[in-house]
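Here is the structure we will look at, set down as structure tokens.
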Amino acid sequence: MGRPAYRELYEHLKRDIMEQKYPVGELLPTEGQLEQMFAVSRSTIRRAVGMLAQEGFVEVKQGRGTLVLDYKAKQDLKQVTSVTETLRKKGYTVTVGSMYIDMVEAPSHVSQALMLKTDKRVARVQRIQNANGCPIAIMVNYIPASLVPGFAEYTDRFCGLYQFLEEHYHLVIEEVHDKIFAKNADFTEAQMLGVPVGEALLCFYRTCYQAGQPICFDDAKLIGKKYEVENQVRGRMRVY
């Protein structure tokens with residue numbers, strides 16, 4: 001049995017938007033035009049467009065048509081903000097698809113980033129973050145165990161980690177150091193995010209500081225076509 005017509009149309013239009021056949025700020029073809037282009041019914045078109053609207057790709061404007069939105073969430077590097085906060089600011093409903101918290105010995109790169117000397121135990125938070133019901137990020141956070149007593153009891157009790165740390169442990173992230181890079185999704189990552197193997201991922205290694213002391217290390221992998229970062233710098237450094 002083949003896929004439903006509305007699903008095929010949804011995926012076709014979504015691909016065209018991502019490939020900028022329909023640029024941000026412009027309108028999709030009218031329902032009548034889509035009927036002729038794809039030989040489908042109005043109900044099929046409306047269901048496909050409804051799915052696009054739910055994911056933030058388009059907005060149906062009564063009397064105007066279907067407007068293509070800037071669907072990518074942009075994280076401003078000039079301020080300390082989290083993935084969850086960035087998505088919410090963009091208008092997404094952010095939920096946790098699944099979460100697991102345990103206490104482990106910090107991996108070497110985490111131990112080094114957090115400057116752990118003798119006690120290298122950390123609270124590890126593993127999450128799948130959803131935006132409008134769809135997976136968008138794999139998040140793994142590490143916090144020194146001494147800073148968050150009883151933390152493992154809070155599984156599924158929060159969505160935004162930074163806000164939770166502020167409210168329950170008075171840990172306020174004042175400064176961060178980010179390492180940003182790209183990779184292709186391996187099989188496990190692809191399964192967790194619901195994308196093809198090899199999908200481009202935007203990755204962050206982030207060390208978070210309070211009063212100059214490292215208090216959290218983040219390892220985040222996001223679907224690249226749904227998320228981007230922006231920054232503005234001045235002054236050119238010349239090396240000859």
Side-chain angles (χ1 to χ4, degrees), residues 1-75 83-84 86-99 126-139 159 182-204 220-230:
M1 182 180 295
R3 289 184 301 171
Y6 73 85
R7 184 79 194 184
E8 292 192 354
L9 178 59
Y10 151 78
E11 292 179 355
H12 191 113
L13 292 174
K14 183 176 178 178
R15 183 170 59 251
D16 284 348
I17 291 171
M18 290 182 171
E19 293 175 355
Q20 298 186 340
K21 180 177 179 180
Y22 304 119
V24 172
E26 294 192 5
L27 298 175
L28 290 182
T30 66
E31 288 185 351
Q33 290 171 328
L34 290 173
E35 276 186 296
Q36 293 182 351
M37 291 166 62
F38 296 99
V40 294
S41 67
R42 290 282 175 111
S43 61
T44 294
I45 293 167
R46 288 170 183 170
R47 190 164 183 180
V49 169
M51 293 173 65
L52 292 171
Q54 185 178 8
E55 293 188 11
F57 286 92
V58 300
E59 181 180 3
V60 179
K61 297 281 191 180
Q62 294 298 328
R64 285 190 56 197
T66 303
L67 182 69
V68 178
L69 301 178
D70 183 3
Y71 60 90
K72 285 191 177 182
K74 295 182 177 67
Q75 182 165 333
V83 169
T84 299
T86 299
L87 291 168
R88 285 175 174 165
K89 184 178 179 181
K90 184 66 177 177
Y92 287 102
T93 298
V94 184
T95 56
V96 177
S98 57
M99 181 190 297
Q126 301 178 81
R127 293 173 289 162
I128 302 295
Q129 292 289 83
N130 293 340
N132 289 353
C134 299
I136 192 171
I138 302 169
M139 313 286 294
C159 181
K183 73 180 294 289
N184 297 112
D186 61 24
F187 176 77
T188 301
E189 293 160 346
Q191 291 296 303
M192 295 170 74
L193 292 171
V195 298
V197 173
E199 180 83 10
L201 302 181
L202 180 65
C203 306
F204 289 80
K221 299 178 179 70
L222 301 103
I223 299 175
K225 62 189 178 186
K226 293 186 177 181
Y227 201 90
E228 60 187 28
V229 297
E230 61 181 3

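Predicted model only: the values in this text are computed from it and were never measured.
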State which residue, out of H12, K14, E8, fulfils the side chain to side chain donor-acceptor pair (under 3.5 Å) condition with Y10. K14
Hey, what do you get for [atom1] ([X]) to [atom2] ([Y]), rounding to the nearest 0.5 Å?
X    : Y    : atom1 : atom2 : result
L27  : K61  : CG    : NZ    : 10.0 Å
T95  : N132 : OG1   : CG    : 8.5 Å
L28  : E59  : CG    : CD    : 12.0 Å
M99  : Q126 : CE    : CD    : 11.0 Å
R46  : T44  : CZ    : OG1   : 11.0 Å
L201 : L222 : CG    : CG    : 8.0 Å

I'd like to know if the side chain of Q33 and the backbone of T30 have a donor-acceptor N/O pair within less than 3.5 Å.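 Present.
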Do [X] and [Y] come close enough that some side-chain heavy atom pair is under 4.5 Å?
X    : Y    : value
L13  : L34  : yes
P29  : Y22  : yes
F38  : I45  : no
I138 : L193 : yes

Restricting to non-hydrogen atoms, name the atom on [X] and the atom on [Y] that form the minimum distance, rounded to 0.1 Å.
X    : Y    : value
P23  : V68  : O-CB, 3.5 Å
V49  : V58  : O-CG2, 3.9 Å
A185 : P196 : CB-O, 4.3 Å
C203 : K221 : SG-CG, 4.0 Å

Going by side chain to side chain donor-acceptor pair (under 3.5 Å), name the pairs with one or both residues in residues 189-201, residues two or more places apart or in two chains. K183-E189, E199-K225
Quick one: do E11 and R7 make a salt bridge, cutoff under 4.0 Å? yes
